[in-house]
Amino acid sequence: MTRPQPRHFLDLDRFDTGTLRHILDLGAEFKKGRGATAPLAGKMLAMIFEKPSTRTRVSFEAGMKQLGGDVINLARGDTQLGRGETVADTARVLSRFVDAIMIRTDTPDKLADLAQYASVPVINGLTDASHPCQVMADVMTFEEHRGPLAGKVVAWVGDGNNVAASWLHAAGHFGCEIRLACPPSLRPSAKAMDWARARGARVELTDDPAKAVTGAHLVLTDTWVSMGCRDDNRHELLAPYQVNEALMAGAAPDALFMHCLPAHRGEEVTDAVMDGPQSVVWDEAENRLHVQKGILCWCLA
Ligand code: CP
Ligand code: NVA
């Protein structure tokens, strides 16, 4: 007898838009306090962190507990993964103990291995290639403030990194135009750009931040040096890509500013923008909690 496939939450390009919309709706219900009470009672989530985290760790732990479940935290060095036990064997073993596994790791191959060998749902809590939970929270935040993303212009400024790749996936799903201003050596994933274009999204790539933000409804940036990246000359390369008041002045008058955090104030974004009237970064952080409750319920339904 074949076992049913677990409901993994790996990357946004693997979903149909209706499912993502359903998860966003679930998150919104939880935020309003109208979601089911304790739908995950008795469920256990293992969280593997091979990189540091504040938001992902605390929002998943708080969310799981608020839904009636519990978590086991496995930091780098806590498990035999660090001593050479394979991801596949770890997946097989953890699946005998817990109901779902969240992982934050470096290579997307480890995430794929975990999903292949786990018999419980696996959730992507960030890899070097993507950060889908974050972008679900970003979409929720934009739509709360400004209504549907469809037809809106989103500008990504800086490193074409993991969060940018998940934003390309979101553009392919939710019908916004996405413009990415990145230095030529830090362009986003060609695969994610191709995927978004194939889904009908307008994707523009430039090395001119002012051009990318002109008339944009949402301006996003992220750290210049992601976890696990070598610093090299990134600060020098990315200095012209700082999101400051002068850059924001070129966006639509009611444009929002978002950053997945942690922010490096004075580098990719100034205090004036982070703390200014267009910034919704704290709502964006809060929405990690709500949307991930939607993700957990979908995975464990
Ligand atoms: N945005 C985000 O994922 O933050 P953490 O690294 O603190 O989890
Ligand atoms: N791009 C960043 C996101 C942190 C949440 C990183 O990977 O470090």
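Numbering of ligands and ligand atoms starts at 1, following listing order.
Between the side chains of Asp16 and Thr19, at least one donor-acceptor pair of N or O atoms lies under 3.5 Å. Checking Gln292 against Asn287 by side-chain atom types alone, no donor-acceptor pair falls below 3.5 Å. For the residue pair Glu29 / His290, no side-chain donor-acceptor distance below 3.5 Å is found, with atom types taken as modelled. A donor-acceptor pair shorter than 3.5 Å can be found between the side chains of His173 and Thr17. Between the side chains of Asn124 and His8, not a single donor N or O lies within less than 3.5 Å of an accepting N or O. For the 3.5 Å distance criterion, the side chains of Glu50 and Thr105 qualify, holding a donor opposite an acceptor.
Polar contact with ligand 2: absent for Thr223 (N/O pair, distance under 3.5 Å). Among the atoms of Met227, some N or O lies under 3.5 angstrom from an N or O of ligand 2. Not a single N or O atom of His131, backbone or side chain, sits closer than 3.5 Å to an N or O atom of ligand 2.
Distances from atom 6 (O) of ligand 1 to the heavy atoms of Arg104, Arg57, Lys51 put Arg104 nearest. Within the set Thr127, Leu261, Asp222, the minimum heavy-atom distance to atom 3 (C) of ligand 2 is found for Asp222. If you check each of Arg55, Met227, His131, His259 against atom 3 (O) of ligand 1, the one with the closest non-hydrogen atom is His131.
The ligand atoms of ligand 2 that sit less than 4.0 angstrom from a heavy atom of Leu126 are 3 (C), 4 (C), 5 (C), 7 (O). Close contacts of ligand 2 with Asn161, meaning ligand atoms under 4.0 Å from a residue heavy atom, involve 1 (N). Of all atoms in ligand 1, numbered sequentially from 1 with element shown, those under 4.0 Å from a heavy atom of Thr54 are 5 (P), 7 (O), 8 (O). Every atom of ligand 1 with a heavy atom of Cys260 under 4.0 Å away is listed here by number and element: 1 (N). Near Leu261, meaning under 4.0 Å from one of its heavy atoms, ligand 1 places the atoms 1 (N), 2 (C), 4 (O).
Shortest contact from atom 7 (O) of ligand 2 to any protein heavy atom: Asn162 ND2, 2.8 Å. The protein heavy-atom contact nearest to atom 2 (C) of ligand 1 is Arg288 NH1, 3.3 Å. Nearest protein neighbour of atom 6 (C) of ligand 2, counting heavy atoms only, is Ser226 OG, 3.2 Å.
Results of the side chain to side chain contact (heavy atoms under 4.5 Å, CB included) test with Leu180 over Val157, Leu168, Leu186 single out Leu168 as the only residue that passes.
By the criterion of a heavy-atom distance under 4.0 Å, neither the backbone nor the side chain of Thr56 is placed next to ligand 2.
One N or O on the side chain of Arg104 and one on the backbone of Pro52 form a donor-acceptor pair closer than 3.5 Å.
Taking the six-membered ring wherever Trp is involved, the centroid distance between the rings of Trp195 and His169 falls below 6.0 Å.
With a 4.5 Å cut-off on side-chain heavy atoms, Phe9 and Cys133 count as touching.
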